[in-house]
Amino acid sequence: MPVANVLAAAAKYDLIVKGGRVIDPSRKLDAVRDVGIANGRIAAIEASISGEAAETIDARGKLVVPGLIDIHTHATRTKEGPALCLADGVTGFVDAGSQGADRISEAIAVAQSAPQLCRVLINIGRAGILPEGDTMDLSRANVGAAREAIGHNREMIAGIKARLSRDVAGANDFEVLRRAQEVASPFHLPVMIHMGQTMSPLPKILAILKPGDIVTHMFAPPPNSILDDAGKILPEVIAARRRGVRFDLGNGRTGHLRWDIAERVLKAGFLPDTFSTDWTPEGRADQVIDFPNVMSKFLMLGMPLDQVVACATVNASRAFSVFRKRGTLKVGAPADVAVLEMRDGTFEFVDNFGNKRTGRQRLFPSATVLAGKRVAARS
Ligand SMILES: [Zn+2]
């Protein structure tokens, strides 16, 4: 008998999330449901679950969604990062290139001690993120060093990060990306590029992205945005998506997100595959705040709620194989759940250029369940 049936017969749960509006785009579900959890897994989703439970979360009037997956953070920069993200509903994340080969063990140590599932991308620049530019000195994009680091940490390194803007890579951008692909190739790993304000034209860069690679900061303004001078999506961008390249938000704080670009891109029907925060400890107090806040910006821009949730859950689970069974509330899945509160009111959202917009709704983290257990709320 399948596990789920045994549980239903016993009707005993470790935890029931009661009466919330469950939005699970992986199953096209949007309805008021109880979510029963046992042994760290989703055991039942029904209109009303009457079985016994050791603990109950009252989710009436709230949204219940799969645990959020944030594919571009810098949460390993501090020991506290993962737990802070977890309290915001983030039950899985990727640290995207905080460290290169020289100090990747520091990022990995934080990732391994994190309560939730996380992986790191290795920065192709061996010294990681540098104020003077990760790969301004091209010798830092060292293929051998990166390959060796991956070889020693296959389990924890989920891909390669190449930051390509002119203040990071300068005129080396294309060669840096070429080397990142050289690193990735024997391991069959994805490369995530940081686009926007590059020296090389975007089509030249996109040409060497393979299916499964990720373009982050997709709403970066010119030079070299995803729009042409007339405000249309570049044909090379559409072609890249068609062959399986993913496009990601990467909210961040400087140079990556401008409302007018986002508006034009969404209006053209080119929706992001994934949202990500580009979370840093500083971002927690400025612009990013938390993942639900980042999601709320796209409600303001007119994206439907189910698509907003999909970008933070099921779509993100497809970007890295380690998350494959997550981003869903289907019976049998790991019981990672985010309970969010949608508040109506007047909320100000700021892009990376100080432009303000007012939204009428904002999502707030309310409760997080990780592997079937409720975790402490955001302090
Ligand atoms: Zn970043």
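Counting starts at 1 for both ligands and their atoms, in listed order.
Taking the Zn ion (ligand 1) as reference, the nearest N/O/S atom within H72 carries the name NE2. If you look at D278 and ask which of its N, O or S atoms sits nearest the Zn ion (ligand 1), the answer is OD1.
The neighbour count for R103 CZ, taken as heavy atoms of other residues, nucleotides or ligands under 6.0 Å away, does not exceed 12. Heavy-atom contacts from other residues, nucleotides or ligands closer than 6.0 Å to CD of E175 number more than 12. Surrounding CD of E348 are more than 12 heavy atoms belonging to other residues, nucleotides or ligands, all under 6.0 Å away. The local environment of NZ in K330 is sparse, with at most 12 non-hydrogen atoms from other residues, nucleotides or ligands closer than 6.0 Å.
At a cut-off of 2.8 Å, H194 is not counted among the residues with an N, O or S atom near the Zn ion (ligand 1).
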